[in-house]
Amino acid sequence: MFQRSLLNVLLTFVLLISIQPVLAQDYIRYNRIVNRIDEDVLAGNIEKASLRFDTIYLEYDFIFSHHCFKALQISCDLKDSVKAANWLQETILRGIPLWAIQKNEITQEVFNYTNCRLVINNYENLQEQYKASINQKLAKTIDSLLAIDQKRTDKVNNGFIPLRYTWHYVRWRRNSRKQFLILEQIINKYGYPGERLIGIPEDKNDSSKLLKDALFYGPFYRESRTYIMLIHYYSRKGKNIDSLLLNEIVKGNLPAFQYGGLNDFMSRYGKADNYYNVWHFDPDTSSLSEINLRRDSLGLNSFETQQALKKIWMERRKNKTANSEIILEY
């Protein structure tokens with residue numbers, strides 16, 4: 001227990017030091033604002049949720065595509081065509097394809113607003129601005145690494161059974177270690193290659209491939225390419241780079257829930273004892289208060305709230321309403 005308390009103190013200290021030079025762009029605070037927006041939405045205070053998004057728009061030069069889409073949904077729900085046009089533009093500038101906006105039961109309303117149609121007519125130019133805003137060369141590097149990772153992973157999961165946990169698994173682990181070293185170098189040089197740096201995957205433009213999932217699961221545009229590869233690396237004991245990643249959260253490069261998920265893997269399969277209960281849960285249920293303090297230090301919801309939001313999402317899927325509801329931080 002003492003060790004965990006010490007870890008919390010150290011984590012808070014590092015975050016406070018990191019935050020000082022960039023107070024206006026502190027993404028720990030950003031996370032907390034988004035959490036309050038969910039509270040407003042669930043309480044039916046949609047206008048208040050919209051005002052909170054105004055704060056994010058004014059104070060942050062990068063807004064995640066997931067949140068741009070949510071703000072657009074809220075504006076459409078309020079039938080506020082002015083804000084809808086603004087968030088429509090921001091959503092496209094974050095790489096969300098037009099088909100996704102058109103097929104969502106809330107955001108399709110933008111096609112009925114004159115000022116929104118002006119934004120839509122400028123779609124190709126906005127897409128070019130989006131591409132210019134990301135590091136396309138780095139994105140291609142990450143795509144290439146992920147393609148190899150997925151090929152190796154598929155062999156372990158679906159390859160010839162006698163070879164899965166011998167030859168294929170050995171090659172998969174060797175590749176994970178190799179890719180980790182490359183990713184570590186990239187993070188040191190550019191920052192964590194998440195949505196802010198490399199945008200969202202190109203395949204999000206493929207409506208024929210993704211439409212069915214979008215209608216069932218609702219809109220979901222979180223970038224996870226680097227996260228997937230690091231999860232695979234940390235599925236066994238690996239090098240801890242927490243000190244490198246912490247400041248990436250504050251800068252908006254690394255989503256806090258991904259950091260939490262990586263620590264869950266390090267705690268489950270390595271020697272760390274630093275659960276966030278994002279992916280894997282601490283088997284010691286008496287540690288929940290410590291976990292919630294840890295989560296709060298990153299601006300994450302409490303574990304109980306996380307589970308409640310997941311339950312709402314599952315119910316929406318069951319009732320086939322996920323595509324007609326304002327998205328939450330599940």
### Message
Taking the basic N atoms (NZ, or NE/NH1/NH2) and the acidic carboxylate oxygens, is any pair closer than 4.0 Å for Lys318 and Glu315?
### Response
no

### Query
So, for Asn35 and Gly299, which heavy atoms are closest and what is the spacing to 0.1 Å?
ND2-O, 2.9 Å

### Query
Can you get from Ile182 to Met229 by hopping between Ile, Leu, Val, Met, Phe, Trp and Tyr side chains that sit under 4.5 Å apart?
yes

#### Entry: Main-chain N/O of Phe281 paired to Arg268 side chain as donor or acceptor, under 3.5 Å
yes

### Task
Salt-bridge test for Glu325 and Arg317: reply yes if a basic N is under 4.0 Å from a carboxylate O, no otherwise.
no

### Query
Is the number of heavy atoms from other residues, nucleotides or ligands within 6.0 Å of NZ (Lys79) greater than 12?
no

### Summary
Here the gap from Ile198 atom CD1 to Glu223 atom CD, rounded to the nearest 0.5 Å, amounts to 4.5 Å

### Query
What heavy-atom pair brings Ala256 and Asn31 nearest, and what distance separates the two atoms?
CB-ND2, 3.6 Å

### Query
Are Glu184 and Lys239 close enough, and set up right, to give a side-chain contact (heavy atoms from CB on, under 4.5 Å), and what steps lead you there?
CA-CA 10 Å; Glu184 185 180 18; Lys239 180 181 177 182; 2.7 Å; yes

### Task
Decide yes or no for Tyr27 and Phe64: does some side-chain heavy atom of the first lie under 4.5 Å from some side-chain heavy atom of the second?
yes

### Message
I'd like to know if Val156 and Leu145 are part of one continuous hydrophobic network [Ile/Leu/Val/Met/Phe/Trp/Tyr, side-chain heavy atoms within less than 4.5 Å].
### Response
no

### Task
To the nearest 0.5 angstrom, please state how far the CD1 atom of Ile327 sits from the CZ atom of Arg316.
9.5 Å

### Query
Is there side-chain contact between Glu329 and Ile37, with heavy atoms separated by less than 4.5 Å?
no

### Task
Compare every heavy atom of Gln73 with every heavy atom of Pro219, then report the nearest pair and how far apart it is.
CG-NE2, 4.1 Å

#### Entry: Gap separating the OG atom of Ser302 from the CG atom of Leu293, nearest 0.5 angstrom
11.0 Å

### Task
Taking atom OH of Tyr57 as the centre, report whether more than 12 heavy atoms of other residues, nucleotides or ligands fall under 6.0 Å from it.
no

### Pairing residues for Asp61 by the salt bridge (Lys or Arg N to Asp or Glu O under 4.0 Å) criterion, not counting sequence neighbours
Arg196

### Query
Could you give the distance from NZ (Lys103) to CG (Asn323), rounded to the nearest 0.5 Å?
10.0 Å

### Query
Side chains of Gln89 and Leu93: closer than 4.5 Å at any heavy-atom pair?
yes

### Message
According to ring pair (Phe, Tyr, Trp, His ring centres under 6.0 Å), does anything in residues 96-154 pair up with another residue at least two apart or in another chain? List the pairs.
### Response
none

### Query
Strictly by modelled atom types, are Asp242 and Tyr259 linked by a side-chain donor-acceptor pair under 3.5 Å?
yes

### Query
Is it true that a side-chain atom of Arg236 and a backbone atom of Tyr269 form a donor plus acceptor pair closer than 3.5 Å?
no

### Message
Tell me every residue that passes side chain to side chain contact (heavy atoms under 4.5 Å, CB included) with Trp279, counting only those two or more places apart in sequence or in another chain.
### Response
Tyr227, Ile231, Asp264, Phe265

List, one per line, each side-chain donor-acceptor pair under 3.5 Å for residues 41-53, sequence neighbours excluded.
{"from": "Ser50", "atom 1": "OG", "to": "Lys83", "atom 2": "NZ", "distance (Å)": "2.9"}
{"from": "Arg52", "atom 1": "NE", "to": "Asp40", "atom 2": "OD2", "distance (Å)": "2.5"}

### Task
Kindly assign one of parallel, tilted or perpendicular to the pair Phe69 and Tyr221, based on the angle between their ring planes and the thresholds 30° and 60°.
tilted

### Query
Nearest heavy-atom pair of Ser324 and Glu105: which atoms, and what distance?
CB-OE1, 3.3 Å

### Task
Establish whether Tyr30 and Leu58 are linked, either directly or via other cluster members, by ILVMFWY side-chain heavy-atom contacts under 4.5 Å.
yes

### Query
Where do Ser235 and Arg173 land on the side-chain contact (heavy atoms from CB on, under 4.5 Å) test, with the steps shown first?
CA-CA 9 Å; Ser235 64; Arg173 284 301 300 160; 3.7 Å; yes

### Task
Find out if a path of hydrophobic residues (ILVMFWY) with successive side-chain heavy-atom gaps under 4.5 Å connects Val170 to Leu163.
no

### Query
Does the side chain of Gln185 come within less than 4.5 Å of Asn188's, by heavy atoms?
no

### Task
Verify the distance criterion only: is there a donor paired with an acceptor across the side chains of His67 and Glu90 at less than 3.5 Å?
no

### Task
Please check if the side chain of Asn121 supplies one atom and the backbone of Arg117 the other of a donor-acceptor pair under 3.5 Å.
yes

### Message
Within the supplied structure, the quantity of interest is the number of heavy atoms (other residues, nucleotides, ligands) at a distance under 6.0 Å from Tyr190 OH; does it exceed 12?
### Response
no

### Query
Taking the side chain as C-beta and beyond, is there a heavy-atom pair between Tyr275 and Pro283 under 4.5 Å?
yes

### Heavy-atom pair of closest approach, residues Ile101 and Thr107
O-OG1, 2.7 Å

### Message
Could you measure the distance from the CD1 atom of Ile63 to the CZ atom of Arg94? Nearest 0.5 Å is fine.
### Response
8.5 Å

### Task
Would you check if the side chain of Ser65 reaches a backbone N or O of Ile96 as a donor-acceptor pair within less than 3.5 Å?
no

### Task
Please check if the side chain of Asn115 supplies one atom and the backbone of Ser81 the other of a donor-acceptor pair under 3.5 Å.
yes

### Task
Compare all side-chain heavy atoms of Cys76 with those of Leu72 and state whether any distance is below 4.5 angstrom.
yes

### Query
Counting only heavy atoms not in Gln150, do more than 12 fall under 6.0 Å of its CD?
yes

### Summary
Contacts of Tyr192 meeting ring-ring contact (aromatic ring centres under 6.0 Å, His included) (sequence neighbours excluded), chain-then-number -> none

### Query
If you group Ile, Leu, Val, Met, Phe, Trp and Tyr by side-chain heavy-atom gaps below 4.5 Å, do Met266 and Leu183 land in one group?
yes

### Task
Check whether any side-chain heavy atom of Asn274 sits under 4.5 Å from a side-chain heavy atom of Arg294, and report yes or no.
yes

### Backbone N/O of Asp296 and side chain of Arg32: donor-acceptor pair under 3.5 Å
yes

### Task
Please round to the nearest 0.5 Å and tell me the distance separating atom CG of Leu88 and atom SG of Cys116.
5.5 Å

### Message
Checking Thr226 against Ile186 for the side-chain contact (heavy atoms from CB on, under 4.5 Å) test, could you report, in this order, the C-alpha distance in whole Å, the side-chain angles of both residues, the deciding distance, and whether it holds?
### Response
CA-CA 11 Å; Thr226 302; Ile186 287 173; over 6 Å; no

### Query
For the side chain of Glu248 and the backbone of Pro255, is there at least one donor-acceptor N/O pair under 3.5 Å apart?
no

### Query
Under a 4.5 Å cut-off applied to non-hydrogen side-chain atoms, are Trp313 and Tyr217 in contact?
yes

### Message
Checking side-chain polar atoms at under 3.5 Å, does Asn277 have a donor or acceptor matched by the opposite partner on Gln307?
### Response
no

### Task
Sorted by first residue and then second, give each side chain to side chain donor-acceptor pair (under 3.5 Å) pair with at least one member in residues 138-147; sequence neighbours left out.
Asp143-Arg225

#### Entry: Stepwise side-chain contact (heavy atoms from CB on, under 4.5 Å) check, Phe180 with Ile241
CA-CA 11 Å; Phe180 172 80; Ile241 56 171; 3.9 Å; yes

